[in-house]
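What follows is a set of notes on a single structure, which appears directly below.
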Protein chains: 2
Amino acid sequence: MIKLTSAEENYLKAVYHLSEEGKKNVSTNDISAEMKTKPASVSDMLRKLSDKKVIDYRKYYGVNITDEGKKYALQVIRKHRLWEVFLVEKLRFAWDEVHEVAEELEHIKSPILIQRLDEFLGHPKFDPHGDPIPDEFGDVKARPRLPLNVLALNDGGQIVAVKDSSAAFLRYLDKVGAYIGARVKVLDKVEFDGSLEILVDNKKTLFMSKDVAENILVLQQ
Amino acid sequence: MIKLTSAEENYLKAVYHLSEEGKKNVSTNDISAEMKTKPASVSDMLRKLSDKKVIDYRKYYGVNITDEGKKYALQVIRKHRLWEVFLVEKLRFAWDEVHEVAEELEHIKSPILIQRLDEFLGHPKFDPHGDPIPDEFGDVKARPRLPLNVLALNDGGQIVAVKDSSAAFLRYLDKVGAYIGARVKVLDKVEFDGSLEILVDNKKTLFMSKDVAENILVLQQ
DNA sequence: ATATTTTTTTAGTATTGCCTAAACAATATT
DNA sequence: AATATTGTTTAGGCAATACTAAAAAAATAT
Ligand SMILES: [Mn+2]
Ligand SMILES: [Mn+2]
Ligand SMILES: [Mn+2]
Ligand SMILES: [Mn+2]
């Protein structure tokens, strides 16, 4: 049972997320961009994570997370998402206010704490952004989900998650009335710029850029 | 509005607590004992806290917390105690299990978080160990409280707090059935070693050493 | 195939927070 | 008053995490 510092956990999470996006041999620059640190700092950290065997690292070739590393990453992600649920459900935070705080809370070290929190929240399966919460063994219930912009004309579905969890994006969604659980249908797709006209909950129509649509994930129905 | 690191907050809290125990010019060795770090490390830290003007520090003469410092210390203490209440009331932690975790949680930086937590908990006035929770302005509702061993023979009172919050002591209290809120009466005081015979809740009699009694705080009635 | 650009690593530095060993100051003892 | 003891600070060092600048490797363009 190795010990990871908070910084190591953050980097490992970044490697995990980048790997999940399909990337093999995650690059130093990608991690640097994700972590908002300089590539030189990433190189330092990769050596440390490699020593602890949570990543496979060959200089100049990028890194891959190990099975052991995945386990640790998933536990941090589990904590992050459970705390987000707590903040929204119990402390009435808005979904755009939780990320920063959860980024700190996820590093609190106490197995009993997270087990009890999970219980207290009623074993939630998804966080406020629609992301699945890994269970205590690291198992994730993945839902099939597609970016809204790939739906065909007249296709319908339900918003189940957002890809971008930035406050700016989430507040925009709040403003236009797009929320997780909303039913959507593609009324029009503009070929020129990929923008869309969407029917929300069979009531309201909404125009959105391709940029926005790419970050809304739907379960096709 | 200065920024304090977690380590600085912990040291400042230690200075605050030692000051509250009546001590003027808190000594490096006392802080070292409280913090379980070496005196040399304390000297380093005192210079930093002094630079930030949260303590008054004259080499070799000990330190005193400033009014500004008191404000910061009280906010950390407020967070610590609110989290302890959360852990006990909401997550069913035992009162001997909360200290370590609260010691980490108290450093999470988010004004809204602590305000909402306070609300969620119903603005509690005391933590699970009977210690008062400072309000958002740092005001503390102090209750008059005495160590159980100073009560005279046949005097009665109610347990309102414990001085020692170590797991060992709290588990001992659990075992013998002494809890916050219990009514107590001094049935006998042994002159030889200061040990006591106590009647708890008009039901059970309890023998305890002076050491134990000193750490049980009562509201005399 | 060579030159240029991009990516990555290394070298050297800073800060925080801890340590040990040694020096220094204050206090107590003879 | 001199010496011993105790308490405190300084000096120097280490680990973690970040940085900048320079070097090296890999990828791309000519
Ligand atoms: Mn984090
Ligand atoms: Mn989330
Ligand atoms: Mn603490
Ligand atoms: Mn407490």
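Since we're looking at a predicted model, the values are computed, not measured. In the text below, chain A, chain B and the rest are named by the order of the sequence lines, each starting its count at 1.
In this model, the phosphate group of D:dT8 is approached by a side-chain N or O of B:N29 to a distance below 4.0 Å at OP1 or OP2. Residue A:Y60 places none of its side-chain N or O atoms closer than 4.0 Å to OP1 or OP2 of D:dA23. Note on A:Y61: every side-chain N or O is 4.0 Å or more away from OP1 and OP2 of C:dT9.
For the pair A:K59 and A:S41, both in contact range of DNA chain D, the more 5′-proximal nearest nucleotide belongs to A:S41.
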Table please: side-chain donor-acceptor pairs of residues 129-137 of chain A below 3.5 Å, with sequence neighbours left out.
from	atom 1	to	atom 2	distance (Å)
A:H129	ND1	A:E84	OE1	3.1
A:H129	NE2	A:W95	O	2.9
A:D131	OD1	A:R145	NH1	3.4
A:D131	OD1	A:R145	NH2	3.4
A:D135	OD1	A:F137	N	2.7
A:D135	OD1	A:G138	N	3.0
A:D135	OD1	A:D139	N	2.9

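Residues from residues 32-40 of chain A lying near DNA chain C, meaning a heavy-atom separation below 4.0 Å, are A:P39, A:A40 in numerical order.
For B:N149, there are no side chain to side chain donor-acceptor pair (under 3.5 Å) partners, not counting sequence neighbours. With sequence neighbours excluded, no residue satisfies side chain to side chain donor-acceptor pair (under 3.5 Å) with A:D44. Legend: residues meeting side-chain contact (heavy atoms from CB on, under 4.5 Å) with A:E119, ordered by chain and number and at least two apart, are A:Q115, A:R116, A:H123, B:R92.
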Step by step, work out the ring-ring contact (aromatic ring centres under 6.0 Å, His included) result for B:Y16 and B:Y11. CA-CA 9 Å; B:Y16 176 85; B:Y11 275 94; over 10 Å; no
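Closest approach to the A:S43 side chain among C:dT10, D:dA16, D:dA24 is made by C:dT10 (side chain taken as heavy atoms from C-beta onward).
Screening residues 53-75 of chain B for side-chain hydrogen bond (donor to acceptor under 3.5 Å, both in side chains), with sequence neighbours left out, gives B:N25-B:N64.
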